[in-house]
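Below is one structure, written out as structure tokens; the observations come after it.
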Amino acid sequence: MIDDDKPHEECGVFGAWNVADAAAITALGLHALQHRGQEATGIVTHDGVRFHSHKGLGLVGDNYGDAKVMAGLPGPRAIGHNRYATTGDTVLRNVQPLFAEFEFGGFAVGHNGNLTNAHTLRKALTRRGCLFQSTMDSEVFVHLIAISLYSNVVDRLIDAIKQVIGAYSLVALTNEHLIGVRDPLGVRPLVLGKLSGADGKAGWVLSSESCGLDIVGAEFVRDVEPGEIVLIDDSGVQSIKPFTPQKPRFCVFEYIYFARPDSLMEGNSVYSARKKIGAQLAMEAPAEADVVVPVPDSGVPAAMGFAEASGINFELGIIRNHYVGRTFIEPTDQIRHLGVRLKHSANRAMIEGKRVVLVDDSIVRGTTSKKIVEMVRQAGAKEVHMRIAGPPTTHSCFYGIDTPERGKLLAARNSVDEMAKLIGVDSLSFITIDGLYKALGKPGRDALSPAFCDACFTGDYPIALTDNNEARDTQPSLLAEMS
Ligand code: SF4
């Protein structure tokens, strides 16, 4: 598990239909989505007759650079998945896509997100005799499809997604279709793209983010809509909307941190959104300073926006070592301390004797922020002010983002002043929730009908936390977390 004191996406998905060498296209797409999961990866292809599969631990480049692996994945149709393991127990049986053989043919599925009633459904399915092979939520979809009384795969899939509750985007491959699905509130992202097909007809791709389309030269067509199923075959894209429409609640943290800055989310440039958030932050929480320094890499666009709006010079006062993706030694407290320096070092020439505004996207436990502040002070900064391009993270995410339990979130236990003392800064400010909405083009946060999921900042969870509610009787610690 990565220990950089940031929340993490738990998965990225990609799918391709009617493209020459779908496995290679999918591997490229997964490479662009590597930031959404680095622990394991899998691709399932279909060659028109049979399905083929590869699953492996590690990065995309560690798996699909092998010519033998790629030769074993023939066909013009594929889906792929990158996994981020939350428990550190990544084993191959938990690597997606998951494949099952049904009476109607093969079915492969991979998903990004989290079902909030997975545990409850699992218990019910197990009582009905279903034998689970893994701990993946995708397997819940597979069993629900298996026991559905409908006759065709699409009706069975609809039957299954009507029983699950959660935030998810999924890609599936059958003998006849590439399928993409987004949850009814559209919390997790999924986009549709088009490129030249293998036979002169159109080829189609699905990706968690549009950066996955760019890498394969696909044209961005549109977001898959919240609650929509897209059914793709050689005749084109069919849209099915089995749910009563609801106001979407896209994950606002995708804009702040998760998505790649070159991606489009809801048709908006993530990079531009981050710059606007930085500019709003500068307006709300100005600082008397000589230099604006981003905490790389995710804090860079917000820091640029902050610098532009405040008229303070922007400098790369912290340099990131791109060849150390994670702390590779056992994460004891002492090594964690060193781990920060493996990734970041202070650029003394830009910091010494200066009043520095550090701009970052979030503070989770605060451990990394504290070390970075210490490092900047040791490099000779006269003052260190910290500005955060997200509101205080006060609640855990149950919708597919790995965040620590609530008790470990610094902002859940401390006021902003207390946090400033703990981190060791001269001043600390966060963008307000209204300011965040304004930077994203909304008039502010409408408390009765917010435009985004922002539960990690507000505790306003838009999707029922069924499993947690069920666990209340038996796990008192969850009670505290949910209160
Ligand atoms: S709780 Fe936060 S991280 Fe999770 S989906 Fe909502 S906004 Fe995104």
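Worth saying up front: this structure is predicted, and the values here are computed from it rather than measured. By convention here, the first residue in the shown sequence is residue 1.
- More than 12 heavy atoms of other residues, nucleotides or ligands sit less than 6.0 Å from atom NZ of K247.
- Side-chain atoms of P242 and K162, non-hydrogen and from C-beta on, do get closer than 4.5 Å to each other.
- Here the side chain of S138 pairs no donor or acceptor atom with the backbone of G110 at under 3.5 angstrom.
- Taking OG of S269 as the start and CG of L264 as the end, the distance is 6.5 Å to the nearest 0.5 Å.
- Side-chain contact between F14 and L28: absent, with no pair of heavy atoms (C-beta onward) separated by less than 4.5 Å.
- For the pair F250 and P226, the minimum side-chain heavy-atom distance is 4.5 Å or more.
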Exercise for review: Show the numbers, then the answer: is there a side-chain contact (heavy atoms from CB on, under 4.5 Å) between N175 and F51?
Suggested key: CA-CA 8 Å; N175 294 29; F51 287 88; 3.2 Å; yes
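- The neighbour count for R50 CZ, taken as heavy atoms of other residues, nucleotides or ligands under 6.0 Å away, does not exceed 12.
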Point to revise | From CA spacing to verdict: side-chain hydrogen bond (donor to acceptor under 3.5 Å, both in side chains), H177, Q238 | key: CA-CA 10 Å; H177 294 106; Q238 192 190 334; 5.6 Å; no
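- Between the S148 side chain and the L144 main chain, no donor and acceptor come within less than 3.5 Å of each other.
- Using modelled atom types, one side-chain atom of S396 and one backbone atom of R406 make a donor-acceptor pair closer than 3.5 Å.
- With hydrogens and angles disregarded, a donor-acceptor distance shorter than 3.5 Å links the side chain of N114 to the backbone of F398.
- No salt bridge links K438 with E284; every basic N to acidic carboxylate O contact stays at or beyond 4.0 Å.
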Practice item. Starting from the C-alpha separation in whole Å, work towards a yes-or-no answer on side-chain hydrogen bond (donor to acceptor under 3.5 Å, both in side chains) for D137 and Y168. Key: CA-CA 10 Å; D137 285 3; Y168 58 86; over 6 Å; no
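- Contact check for V13 versus I79: no side-chain heavy atoms found under the 4.5 Å cut-off.
- The nearest pair of heavy atoms linking R188 to I401 is NH2-CD1, 3.6 Å.
- Counting heavy atoms from C-beta on, the side chains of W17 and L206 never come closer than 4.5 Å.
- Ion pairing of K275 with E308 is present here, as a side-chain N (NZ or NE/NH1/NH2) and a carboxylate O approach within less than 4.0 Å.
- At least one donor-acceptor pair closer than 3.5 Å links the side chain of Q34 to the backbone N or O of V60.
- The CD1 atom of I463 sits 4.5 Å away from atom CG of L185, with the distance rounded to the nearest 0.5 Å.
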Point to revise | Full working for salt bridge (Lys or Arg N to Asp or Glu O under 4.0 Å) between R260 and D214 | key: CA-CA 12 Å; R260 247 175 58 163; D214 296 335; over 6 Å; no
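- A donor-acceptor contact shorter than 3.5 Å is absent between the side chain of T45 and the backbone of G75.
- With values rounded to the nearest 0.5 angstrom, R445 atom CZ is found 8.5 Å from D434 atom CG.
- Aromatic ring pairs are classed by plane angle as parallel below 30°, tilted from 30° to 60° and perpendicular above 60°; the pair Y399 and Y461 is perpendicular.
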Practice item. Verify side-chain contact (heavy atoms from CB on, under 4.5 Å) between Y255 and L436, making sure each step is shown before the conclusion. Key: CA-CA 10 Å; Y255 282 113; L436 175 63; over 6 Å; no
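- Of the possible donor and acceptor atoms, one in the side chain of N117 sits under 3.5 Å from a partner among the backbone N and O of I165.
- Remark: D66 does not engage K68 in a salt bridge, criterion side-chain N to carboxylate O under 4.0 Å.
- In terms of heavy-atom proximity, Q133 sits nearest to R93 at O-NH1, 2.9 Å.
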Exercise for review: Apply side-chain hydrogen bond (donor to acceptor under 3.5 Å, both in side chains) to T41 and N63, showing your working.
Suggested key: CA-CA 8 Å; T41 180; N63 279 275; 5.8 Å; no
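- Residues C11 and Y84 approach most closely at SG-N, 4.4 Å, considering heavy atoms.
- Ring pair H31/Y64: centre-to-centre distance not below 6.0 Å.
- Looking only at distances, no side-chain donor or acceptor of D223 sits under 3.5 Å from a matching main-chain atom of P189.
- Nearest heavy-atom pair, R182 versus E225, reported as atom, atom and distance to 0.1 Å: CB-O, 3.6 Å.
- Here R320 pairs with D297 in a salt bridge; the nearest charged N to carboxylate O distance falls below 4.0 Å.
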Exercise for review: With side-chain contact (heavy atoms from CB on, under 4.5 Å) as the test, would you mind laying out the steps for F99 and V142 before giving the verdict?
Suggested key: CA-CA 8 Å; F99 178 76; V142 168; over 6 Å; no
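- A donor-acceptor pair under 3.5 Å is absent between the side-chain atoms of E139 and the main chain of T135, judged by distance alone.
- Between D155 and D159 the shortest side-chain heavy-atom distance does not fall below 4.5 Å.
- Side-chain contact between V181 and I229 is present, with at least one heavy-atom pair separated by less than 4.5 Å.
- Note: F457 and F253 meet the aromatic proximity criterion, with ring centroids under 6.0 Å apart.
- Using a 30° and 60° split on the angle between ring planes, H111 and F141 fall in the perpendicular class, above 60°.
- At distances below 3.5 Å, not a single donor-acceptor pair connects side-chain atoms of R77 with backbone N or O atoms of T174.
- For the atom pair CG of L173 and CD1 of I43, the computed distance is 12.0 Å after rounding to the nearest 0.5 Å.
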Practice item. I would like to know whether F306 and I277 meet side-chain contact (heavy atoms from CB on, under 4.5 Å); could you show each step before the answer? Key: CA-CA 8 Å; F306 192 100; I277 293 170; over 6 Å; no
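- Taken from CG in L73 to OG in S53, the straight-line distance is 7.5 Å, to the nearest 0.5 Å.
- Nearest heavy atom pair, residue L213 against residue V205, reads CD2-CG2, 3.4 Å.
- Between N82 atom CG and Q38 atom CD the span is 8.0 Å, to the nearest 0.5 Å.
- Each of I363, T394, V364 was checked for a side chain to side chain contact (heavy atoms under 4.5 Å, CB included) with L409, and the lone residue meeting it is V364.
- Crowding of F104 atom CZ: a count of heavy atoms from other residues, nucleotides or ligands under 6.0 Å exceeding 12.
- Contact of the C211 side chain with the H35 side chain is registered, since non-hydrogen atoms from C-beta on lie closer than 4.5 Å.
- The two residues D460 and A455 come nearest to each other via the heavy atoms O-CB, 3.5 Å.
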